[in-house]
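Only this structure's heavy atoms are used, side chains among them; waters, hydrogens and symmetry mates stay out.
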Amino acid sequence: MARRCILVRMQTTKTRHQFYLPDVLSAKLEVAAAAPESSKTDVLTKALTAWFAAEEGQAIEAKFGVTLARQVKASEALERQMAHLTEVVGLLVRHQLTMTAHHPAFDAETRHLGKLRYEQFVRMAGELAAKGKASGQGPKPEIQQEFDL
């Protein structure tokens, strides 16, 4: 009786590659593949995956690095400005406290006027904060008139 031999091709999601490695790398590959549950395919797959991931990371850095550097510079400039403004406000408060240290106590009318102006200031500062606006142009004329009681 004649036997028939049927060739069956295995379905795989891998592609076979044939390439040459320098002897030094070939020896290192043999050592790495000698570990239990490891093969040359596993070692090379991990190595190529890591290499391509590093390449992608460099591409992302090249794409977004300039924008990120610009944002960092802008943030640092804002921090310097805030530090400067904090120092200026502190200096102003220290100056005012020094200038008014030896003044006599206020009479009732001056105290009342000061309280009104302070309440107006707090109200306007709250309104500006609620609007989210801050302009370094000084008070608007209508605001200045409110303070000229």
query = For E119 and L116, what are the C-alpha separation, side-chain angles and deciding distance, and is it a side-chain contact (heavy atoms from CB on, under 4.5 Å)?
reply = CA-CA 5 Å; E119 288 170 356; L116 287 176; 4.2 Å; yes
Heavy-atom nearest pair, S38 first then A32, reads OG-O, 3.4 Å
In short, T45 meets T41 closest at the heavy-atom pair OG1-O, 2.6 Å
Hits for side chain to side chain contact (heavy atoms under 4.5 Å, CB included) against K40, two or more places apart or cross-chain, chain-then-number order -> L29, E30, A33
Evaluate the criterion side-chain hydrogen bond (donor to acceptor under 3.5 Å, both in side chains) for residue pair D42 and S39; output intermediate values, then yes/no.
CA-CA 5 Å; D42 292 336; S39 67; 3.3 Å; yes
Discussion item. Within the 4.5 Å heavy-atom criterion, are S75 and Q71 side-chain neighbours or not?
Written reply: no
Reported [atom1]-to-[atom2] distance for the pair [X] and [Y], which is rounded to 0.5 angstrom:
X	Y	atom1	atom2	result
H112	T110	NE2	OG1	11.0 Å
L44	T49	CG	OG1	10.5 Å
E56	K63	CD	NZ	12.5 Å

Exercise for the section: State plainly whether one hydrophobic cluster holds both V24 and Y20, where clusters connect Ile, Leu, Val, Met, Phe, Trp and Tyr through side-chain heavy atoms under 4.5 angstrom apart. Expected result: no
Excluding W51, membership of its hydrophobic cluster (Ile, Leu, Val, Met, Phe, Trp, Tyr; side-chain heavy atoms within less than 4.5 Å) reads L48, F52
Considering only NZ, NE, NH1 and NH2 on the basic side and carboxylate oxygens on the acidic side, decide whether R123 and E127 come within less than 4.0 Å. yes
So the salt bridge (Lys or Arg N to Asp or Glu O under 4.0 Å) pairs with at least one residue in residues 97-113 (sequence neighbours excluded) are none
